[in-house]
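Down below is the structure, laid out as C-alpha cells.
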Protein chains: 2
Amino acid sequence: MARKRQSQRVTSYEVAKLAGVSQATVSRAFTAGAQIAKDKKDRVLAAAKQLNYYPNSIASSLASASTNIIAVIVGNLDNPFYVESLHAFITHLQASGKHVLSFTISQGKACDDAVLEALKYNVDAIIVTSAPLSNDLVSMTKGAGIPILLFNRSSDDPTLLSVRCDNFGGGQELGKVIYDAGARKVLILRGDPQGSTSRDRVAGFRLAVQDKAIEAVRIEEIDGNSSYDGARDAIRERFKGPNPTFPDAIYAVNDIMAIGCIDELRERFDLKFPEDIMIVGFDGIREGQLQPYKLTTIRQPINAMVLKTLELLAAIGDEEDTVKADSCVIPGRFFEGSTVTQMEQVGTKIP
Amino acid sequence: MARKRQSQRVTSYEVAKLAGVSQATVSRAFTAGAQIAKDKKDRVLAAAKQLNYYPNSIASSLASASTNIIAVIVGNLDNPFYVESLHAFITHLQASGKHVLSFTISQGKACDDAVLEALKYNVDAIIVTSAPLSNDLVSMTKGAGIPILLFNRSSDDPTLLSVRCDNFGGGQELGKVIYDAGARKVLILRGDPQGSTSRDRVAGFRLAVQDKAIEAVRIEEIDGNSSYDGARDAIRERFKGPNPTFPDAIYAVNDIMAIGCIDELRERFDLKFPEDIMIVGFDGIREGQLQPYKLTTIRQPINAMVLKTLELLAAIGDEEDTVKADSCVIPGRFFEGSTVTQMEQVGTKIP
DNA sequence: TTGTAAGCGTTATCAG
DNA sequence: CTGATAACGCTTACAA
C-alpha cells in the first residue's frame, strides 16, 4: 500500500530517532509543563532544531480535544467598530497562543454557514459579532460542545452568553445630555431595526428624554442601515425638497452613521456642528475623533469587552455552568467631543 | 486502554452504519466529484442529516494534503488599507471554500512567529502584507512546500512572489500632478523608511519632478511612521516654533498620513486645502474620501490585487515554476479629489 | 461502484 | 520519568 508522501515535513519520529528517545518523549518536550527530564528535553530540542522540526498542530488537534483555534465571525467590516474588535480579538488571542479563524457575513445574511464551517474545524469556540444565528445551528454547537459567544449583541435565547456594552445605559446618558443641552426636536437614526443593539440604544435614549421631559420632546426615527452610506442616503431622503426644517439634534445609534450624517449635512446644507445642529453617536470609533468631527459619543470599551469575552471562554472551559450572564454588560464611557452645546447658542434653521 | 471520548461528535462510521454502507462511502458522499452512485449518496446524506453529522475538517486535513486554510498576516490594522485588504481576502477566500487564519504583527516586528504558527497548522499558503520576514523562515516554508506570497510589498529575495500596486508609477503620476499644479517646494512624508513601498513611491515622485523640472523644485523628506499619529507628530515637530513657513504641497506616501497632516495643519494653523497647501496621498482608502478630506490620491486596486494573489496561488498549486513575477505589479488609478489646484490660486503663508 | 485497511502525526494511557 | 501503543476521524490506494 504505497502512498505518496505528501510533503517533506519532519515528524516527531525522526526527531526521536536522532535524539535517541521515543516519539512520546518528543511530544513531551514540546508540551509546556510536561513531565520530562531537562537533559532529555534539551537533547530533543537540539535534534528538532537540527532537523527544522516544528509540531504539527493539525495532528495534535486531531489527537487532543482542542485546536487552539477560535472562530470570529464579523458581520460588517465596513463599520470600524467591528474592525477594532476583530483587531483586539486577534491580538489578545495571539498573545495567549490561540489563533483566529475569521469569517465575514454579508449584510443581513445569517451566519449559519460560517458557524458550520467553524464546527467542521472543531474550533474551541465561536464568537459572533452582530449577525443573526438560527436556532438549529445553536443546538448543533451545543451538541458539539463548542461554546458560542455573542459579542456586542444579545439574543432571545437566554442560554447564549453575550458580552456587550450597556447600550441602554449609554442611550440614557446621551438622552440626558441632549435634553439638558436644550434640544426639543430630535431625529434618531436607527441601525438594524432587528438588532438588539440599536433597539436598546434607542430605548435608553427615549426613556431618559421622557424622564426629563418637563417640556415635550418631539422624536422622529429613521433607518440608517448602520452604515455611512445608509446614513447619508437616509438624511438626503429626509431633508430633500426645498427649505427643509432641521431638528435641534440628531442621535445616530452608531458613530459611522453620525459621520455620514455630518458629511451629508455639511455638503448639502453647509450646516455647522454643533452651531446649527447637535449630533451624538455611539461606539467611540477612531474616525469619530478625527479633527473635522470630534464627535460626542459613548465609547465602547472594546478592550474590556474582548477581555471579558475571553475570560468567559476560559470559565466555560473550566466549569460547565457556573457562568453568570449578568456580568457581561459593560458600561460605556461618555466622551465629550464638540458636537453638543447649550441650546442658547444653537441657531437652528427651523422657522 | 480506555480513553475518555472528548466529544459527542458524530463520525462517518456512525453515519455509515445507519446508511448501511462503508465509512469510505460516506467520505465519498461528502467529496465533490467523487465516484459514487446517486442512490447511495442520497442515503448517506439522509443518514448524515438525521444524525447531525458534518465532516471533521481537522481529520481530513491530517489525512489529505490540504487544510483549506490560508494564513493572512496583516502588519497594521491601524491603516485602513490593510483592513480593506484583509476584508477582501476573507471575502474572496470564503467564496471559494477556503478559510482565513488571521495574524497581526505589531509595528516594526518581524512576522516570523506568525509564519511559524501558520506552518504548524499546515496552511495551504501564507500571505504576508507588509512586515519583514527573515530568510530562515522563508527557507522553512520552502522546505515545507508552503507558498508564501507578499502582498503590497516586495522583497530582495527574487524567488518570493509578490503582488503589489505600481508604487513607482503612482508616485510618478502624483509627482507630475504636483509639479504641473505649480508647486516648487514640496514636503514628502515617508512611511516605513525600510519598506519597499514607501521607497518606490518616493522614488517615482522624485523622478517625475526632476524630469519636469525646468524650474528647480525643493524637496524635503520627513518620516511619518505610516500612521495617523505618526504623521501628526511629524508635522507638529516640523512646523513648531513661531511663524513657520509652509511648502506649496505635501506628498504623504499613504492616505492615512495625509489625513493626519490635514488634521494637524487645520487644527494648529487653520490652513485650507488646497488653498493654503496642496496635499496628495496614496492608497485610496475610504477615509480619504470623507467629505472633509476629498483627498487626491492614487487608488490601489485592492480587489484586483487580491484576485491576482489568489490566482497566483492557484497557479502555484498546478505547476511548480511557471509563475512569472512580472504580471504582479498592478497599476493604481489616479483619483482626483479636491486637494490639488493650480498654483495661481494658492496663497501660501510663506513670506 | 463499493468495501477494506493502511496510513496521516500527534496525544494520552498505562506499564515499567 | 520514559517507552510502547491505542486512539483521533478522515482519505485513498487497492482489491473485489
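Here is how names work: the chains are called A, B, and so on, in the same order as the sequence lines, proteins then strands, and each is numbered from 1. All values below were derived from every heavy atom in this structure, side-chain atoms included, with hydrogens, water molecules and symmetry-related copies excluded.
Candidate nucleotides D:dC8, C:dT10, D:dA4 were compared by shortest atom distance to the side chain of A:Leu62, and D:dC8 ranks first. Listed nucleotides C:dA12, C:dG3, D:dT12 differ in distance to A:Ala24; the shortest reach to its side chain belongs to C:dA12. Nearest to the side chain of A:Ser60, among D:dG9, C:dT11, D:dT11, sits C:dT11.
The CD1 atom of B:Ile90 sits 9.0 Å away from atom CG of A:Leu101, with the distance rounded to the nearest 0.5 Å. The OH atom of B:Tyr121 sits 11.5 Å away from atom OG of B:Ser61, with the distance rounded to the nearest 0.5 Å. Atom OG1 in A:Thr104 sits 10.0 Å away from atom CD1 in A:Ile73 (nearest 0.5 Å). Between the CG atom of A:Leu86 and the NE2 atom of B:His87 there is a distance of 10.5 Å, given to the nearest 0.5 Å.
Mapping B:Tyr54 and B:Arg28 onto DNA chain D by nearest heavy atom places B:Tyr54 closer to the 5' end of the strand.
With sequence neighbours excluded, no residue satisfies ring-ring contact (aromatic ring centres under 6.0 Å, His included) with B:Phe81.
Using a 4.0 Å cut-off, some side-chain N or O of A:Thr25 falls inside it from OP1 or OP2 of D:dG3. Between A:Ser12 and C:dT10 there is a side-chain N or O to OP1 or OP2 distance below 4.0 Å. For B:Thr11 and D:dG9, the shortest distance from a side-chain N or O to OP1 or OP2 is not below 4.0 Å.
Whole-Å rounding puts the B:Asn122 CG to C:dT10 P distance at 10 Å. Taking atom CG on A:Asn56 and atom P on D:dC8, their separation rounds to 19 Å, with Å as the unit. In this structure, A:Arg9 atom CZ and C:dG7 atom P are separated by 20 Å, rounded to whole Å.
A side chain to side chain contact (heavy atoms under 4.5 Å, CB included) with A:Ser162 is found for one member of A:Ile148, A:Val128, A:Leu150 and no other, namely A:Leu150.
For the segment residues 32-53 of chain A, the set of residues with a heavy atom within less than 4.0 Å of an atom of DNA chain D comprises A:Gln35, A:Ile36, A:Ala37, A:Lys40, in numerical order.
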